[in-house]
There are 2 protein chains.
Amino acid sequence: MASDAGADKARRKGGAATIYDVAELAGVSPSTVSRALGKPGRISAPTEARIRAAAEQLSFRINPMARALHTGRTSTLALVVADITNPVVFDIVRGAESAASAGGYTLVIAESQESSDAEAEAVQRLLPSVDGIILATSRLESDVIRELAAQKPVVLINRAVDGVAAILPDVEEGVAALLTHLHDLGHRSIAFLSGPATSWVSAQRWEHLLEETERRGMGLVEIGPNAPTIDGGREAFRRVRAAKVTAVVAFNDLIAIGLMQAMSSAGVRVPGQMSVAGFDDIFGSELIVPALTTVRSQLGLAGRRASSYLVSRLEDQDATSEEELLATELIVRGSTGPA
Amino acid sequence: MASDAGADKARRKGGAATIYDVAELAGVSPSTVSRALGKPGRISAPTEARIRAAAEQLSFRINPMARALHTGRTSTLALVVADITNPVVFDIVRGAESAASAGGYTLVIAESQESSDAEAEAVQRLLPSVDGIILATSRLESDVIRELAAQKPVVLINRAVDGVAAILPDVEEGVAALLTHLHDLGHRSIAFLSGPATSWVSAQRWEHLLEETERRGMGLVEIGPNAPTIDGGREAFRRVRAAKVTAVVAFNDLIAIGLMQAMSSAGVRVPGQMSVAGFDDIFGSELIVPALTTVRSQLGLAGRRASSYLVSRLEDQDATSEEELLATELIVRGSTGPA
DNA sequence: TTGTATGCGTTATCAC
DNA sequence: GTGATAACGCATACAA
């Protein structure tokens with residue numbers, strides 16, 4: 001059915017149909033075809049109908065590269081993440097993909113493996129073929145990011161750089177709720193299991209914890225840096241035990257889960273002997289026993305907003321370049337209890 | 001530093017540097033630049049050195065679209081998955097991305113949301129701009145897939161279609177191990193919570209279960225189809241309880257987890273009153289209580305192999321188009337016990 | 001409203 | 001070994 005006699009005659013041998021083939025079949029010039037398909041309404045209705053019919057018959061698909069070569073626009077967005085298997089980024093990927101494709105954009109994805117060099121290389125490789133870039137939990141230096149943003153639209157997730165658009169969790173709110181919760185339970189001495197040394201988010205969370213514990217007259221120590229993984233949490237166990245605190249706040253849920261596993265192995269009861277809380281509310285936090293108390297960030301929404309921002313900035317010219325804060329929410333589960 | 005006087009003079013105003021700019025700066029013709037960068041060694045050493053220096057100075061990046069327009073090759077692979085947030089696909093995505101970028105290819109990702117129409121649309125949209133396609137747990141009809149494979153290299157994950165390359169888990173092995181395990185525990189009556197009606201993998205697992213239970217004289221009933229999600233497992237609970245079996249094998253871990261949650265809410269003890277097992281060994285299966293007995297598939301490896309296959313087939317001409325089986329492994333944990 | 005001519009950046013086919 | 005030139009498929013300025 002896809003190979004009518006007319007269609008085959010009009011199509012060049014081998015490759016896919018082009019606007020030239022469509023033009024020949026419809027009896028018009030290639031530019032008319034281009035116009036008909038590009039901006040409907042600019043040509044006469046009967047002609048457009050003929051062209052559409054011909055395109056359909058040849059199952060014509062526009063060649064995005066040829067279009068991009070002329071327009072300079074690829075309708076493609078890049079998403080660079082540190083670690084694809086980190087559950088934190090799953091939701092970001094999905095949100096970004098769905099908003100991108102809803103806007104008619106394709107999403108390409110690259111992984112930096114927590115390495116600043118690898119991230120820079122991935123960005124350079126992708127740069128010429130995308131219209132905009134989403135950097136999630138970037139490990140790049142601020143200057144590099146600013147330089148990048150000068151070349152193409154950039155939006156950050158979980159990272160703030162002056163003058164660059166960013167989608168950020170409203171840490172203050174979540175941290176305050178968490179500390180109120182812990183304070184109410186009687187905890188006065190807390191440890192923070194920090195994330196990677198280069199993590200902007202970790203530094204941010206630490207700052208807010210410091211502020212909020214001071215305000216409430218609670219003690220706070222930092223233990224880290226730690227790899228933002230389950231293993232990272234496991235390895236921190238001995239230092240946590242040595243710290244003699246009654247509650248631990250981990251940089252993220254993965255670290256919290258690893259810590260709880262190590263505690264379970266060592267016979268430390270949670271929350272009986274030690275309360276544990278995390279950040280992000282990833283898949284799995286609800287599954288463990290006891291279920292993890294955590295500060296939920298709206299990662300999926302962050303991904304969606306990031307793509308939407310780029311799309312609107314690419315389509316309209318007049319999009320703002322502000323930081324956008326996403327509310328965080330304290331999810332109280334079984335891993336926190338009385339001191 | 002990126003803006004030497006010479007560099008600025010040679011670069012066209014505004015856009016990125018082209019081979020013309022490099023050629024001008026190096027004092028050669030554009031075609032020589034193309035050759036120097038494309039196939040090193042075909043031109044004289046000093047000339048090539050000059051060209052490389054000029055390219056470096058202008059921070060020249062080849063324009064992939066322009067190259068693709070002429071060569072017809074984009075150095076891009078597409079990965080189409082049913083549901084990005086399904087933990088099963090996380091590993092696939094990562095494996096595919098790492099092997100793709102290792103081979104010099106970029107990975108674009110699309111989600112079909114378990115819909116055959118959406119999948120077909122995504123494939124059509126991506127088709128012109130990629131060199132090859134990975135279809136993970138595709139919901140497309142076999143004929144559609146074959147037609148697609150005739151246009152561009154295609155590789156399937158968790159799906160078999162005659163004449164199309166595929167990476168498949170060796171279900172037989174895993175299912176046999178699982179049933180031996182259950183049989184040894186005294187189970188004689190089993191229920192299978194099947195996946196989506198269109199899932200090739202679900203049908204495959206069902207077939208093997210049927211075969212192996214027959215061989216062992218065990219009873220088997222199918223309950224389904226079910227959505228391959230935690231909710232899907234929860235919703236199946238009543239039918240499972242009504243079935244009066246002693247063990248349940250779920251299509252995947254997500255369904256198994258959902259079922260266990262429903263059982264926990266209803267006071268049904270696992271594995272005391274009912275044993276539960278799943279497939280895939282996703283992140284989270286080890287976290288729940290009791291930890292889930294499951295047949296592990298090497299999803300990450302599957303993604304990696306899929307990309308590698310496409311890359312080698314695109315680079316060499318003579319890659320085989322066979323099905324490749326990946327060993328599965330029974331992981332015994334706490335959710336299965338004596339009948 | 002529609003057709004003609006040109007350029008986007010690269011590679012490949014010729015000459016030299 | 002190197003340089004001119006055509007071609008890839010499309011979009012647009014200009015002409016009609």
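Note on naming: letters A, B, ... go to the chains in the order of the sequence lines (proteins, then strands), and numbering restarts at 1 for each one.
- In this structure, Lys39(A) atom NZ and dT1(C) atom P are separated by 13 Å, rounded to whole Å.
- Residue Thr18(A) places no side-chain N or O under 4.0 Å from the OP1 or OP2 atom of dG9(D).
- Atom CZ of Arg35(B) and atom C1' of dA12(C) are 9 Å apart (whole Å).
- Summarising the geometry, the separation between CG on Asp21(B) and P on dG9(C) is reported as 8 Å, rounded to the nearest angstrom.
- Taking atom CD on Glu48(A) and atom P on dG3(C), their separation rounds to 14 Å, with Å as the unit.
- Atoms OH (Tyr20(B)) and P (dT10(C)) sit 8 Å apart, rounded to a whole Å.
- The CD1-P distance, from Ile19(A) to dA11(D), rounds to 6 Å in whole Å.
- Side-chain N/O atoms of Ser138(A) and Glu119(A) include a donor and acceptor closer than 3.5 Å.
- For Asn158(B) and Thr137(B), the side-chain atoms include no donor-acceptor pair closer than 3.5 Å.
- Under a 4.0 Å N-O distance rule, the pair Glu48(A)/Arg52(A) qualifies as a salt bridge.
- The side chain of Thr32(B) sits closest to dT2(D) out of dT2(D), dT12(D), dG9(D).
- Straight-line distance from the CG atom of Leu69(B) to the C1' atom of dC8(D): 4 Å, rounded to whole Å.
- We find that Asp83(B) and Arg94(A) are joined by a salt bridge, their nearest charged nitrogen and carboxylate oxygen being less than 4.0 Å apart.
- At the heavy-atom level, Ser44(B) lies under 4.0 Å from the strands shown only through sugar-phosphate atoms.
- Of all heavy-atom pairs spanning Thr74(A) and Asp131(A), the tightest one is N-OD1, 2.8 Å.
- A donor N or O paired with an acceptor N or O is found under 3.5 Å between the base of dT11(C) and the side-chain atoms of His70(B).
- There is a side-chain donor-acceptor pair under 3.5 Å between Tyr309(B) and Arg313(B).
- Of the side-chain N and O atoms in Ser34(A), one or more sit less than 4.0 angstrom from OP1 or OP2 of dA11(D).
- Below the 3.5 angstrom threshold, one finds no donor paired with an acceptor across the side chain of Arg61(B) and the base of dG9(C).
- With 3.5 Å as the limit, one finds a donor-acceptor pair spanning the side chains of Glu315(B) and Tyr105(B).
- Annotation: of the two residues near DNA chain C, Ser31(B) and Met65(B), the 5′-most nearest-nucleotide partner is Met65(B).
- Between the CZ atom of Arg73(B) and the C1' atom of dA12(C) there is a distance of 15 Å, rounded to whole Å.
- As judged by a 4.0 angstrom heavy-atom cut-off over every strand, Ile43(A) is placed among residues touching the sugar-phosphate backbone only.
- Side-chain contact of Ser34(A) with Ser31(A): a donor-acceptor pair under 3.5 Å is absent, judged by distance alone.
- In the helix from dT1(C)-dA16(D) to dC16(C)-dG1(D), the terminal helix axes, each the rotation mapping four pairs' C1' atoms onto the next four within five end pairs, subtend 40°, rounded to 10°.
- Between Thr71(B) and Thr47(B), it is Thr47(B) whose nearest contact on DNA chain D lies nearer the 5' terminus.
- Of the two residues near DNA chain D, Val33(B) and Ala66(B), the one whose nearest nucleotide lies more 5' is Val33(B).
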